[in-house]
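Numbered from 1 within each chain, the chains take letters A, B, ... in sequence-line order.
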Amino acid sequence: MDALQQGELKLFVDSVRRYFEVVTRQEPQITSAFLATTDLDGYDYNGIVTFSGSYNGHVIVSMPPQLLRELLLLQGETDLSEGNLLDAVGEIANTLGGNARKTLGSSLQISVPVKLHGSAGITARVRKHPYVITLKWNHQPAMVCVDMSRRS
Amino acid sequence: MRLLIVDDSNMIRSRISRVVQNGGLPNISLVGLARNGAEAIRIARSTKPEVITMDLTMPEMDGVECIGQMLKLFPKVNILVVSALSDKSTAIAALKLGARGFVAKPFSDDELKMALLDVMEVR
């Protein structure tokens, strides 16, 4: 499988920035972007979208509950249950995954998001070194992990 | 106009509901919320919506299949696709299926309102 090019990985940085700008009108701060060399410590709420078709792998959005509560409150949502926080992180992963098609093409297939509660850690499954984006939004940290490759 | 919202995300269903109910859109009433295409068909049979916001990536029955079935049941229904699949070919494909409009996620409240107004005017 071919590794992604820099521009292809950058699309996820642009996508996560755009998500917060459009939905909350509060720009996030991208604090780092790097290739992971070890398993990662994630946050409590994780949304995972799996890629297939022209690419293989997944994107993981990992966020703490406080960020998700504030995100929901800003949108006028009053249900701040665990279920709704999981739903929110799943929808963010869905948005980043779906938006990737604009750059990577319509042969990229995306799954329905899987949502997981618990900071069990993030292990690379496709790339030796997944691409990690860390950010801060409204003083809260978050992480996006891109573990994907182009099919040859 | 009777509105049905179809999306597997509660956050999106809630948000679209609030935009519609608080946004001053004329003559629109929410008649149902569906989590997937199969549920949308079941709700539509009893509520007969005139406008539908439709996600594409959903479990059980996706938006593409749902659009096809919905238009067979209600040929005049106005469908606005609201999807994270923001590539042009998806938008074109949705319109070819019979959707009247397309809004890419993430969307602002104003973008959604304008798209709904556009779709409601097309008959």
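Residue contact with chain B, scored on non-hydrogen atoms closer than 4.5 Å, is absent for A:Thr103. With a 4.5 Å cut-off on non-hydrogen atoms, A:Asn84 touches chain B through its side chain but not through its backbone. Of the two parts of A:Ile110, the backbone and the side chain both hold a non-hydrogen atom closer than 4.5 Å to a non-hydrogen atom of chain B. The contact between B:Asp7 and chain A is made entirely by side chain atoms (from C-beta outward), counting heavy-atom distances below 4.5 Å.
A cation-pi contact links B:Arg15 to B:Phe107, judged by a cut-off of 6.0 Å to the six-membered ring centre and 45° from its axis.
Ring centroid separation for the pair A:Phe51 and A:His58 does not come in under the 6.0 Å cut-off.
Ion pair B:Arg35/B:Glu60 not flagged as a salt bridge, since none of the NZ, NE, NH1 or NH2 atoms sits closer than 4.0 Å to an Asp/Glu carboxylate oxygen.
Side-chain contact of B:Ser108 with B:Asp110: a donor-acceptor pair under 3.5 Å is absent, judged by distance alone.
In terms of heavy-atom pairs under 4.5 Å with chain B, the best-connected choice from A:Gly76, A:Ala88, A:Gly90, A:Ser15 is A:Gly76. Heavy-atom pairs under 4.5 Å with chain B peak, among A:Ile92, A:Leu108, A:Asn99, at A:Asn99. With respect to chain A, the highest number of heavy-atom pairs below 4.5 Å among B:Asp62, B:Leu56, B:Asn10 belongs to B:Asn10.
The main-chain N or O of A:Tyr43 is found under 3.5 Å from a side-chain atom of A:Ser62 such that the two form a donor-acceptor pair.
Here the OG-CG distance, from B:Ser9 to A:Asp87, works out to 3.5 Å after rounding to the nearest 0.5 Å.
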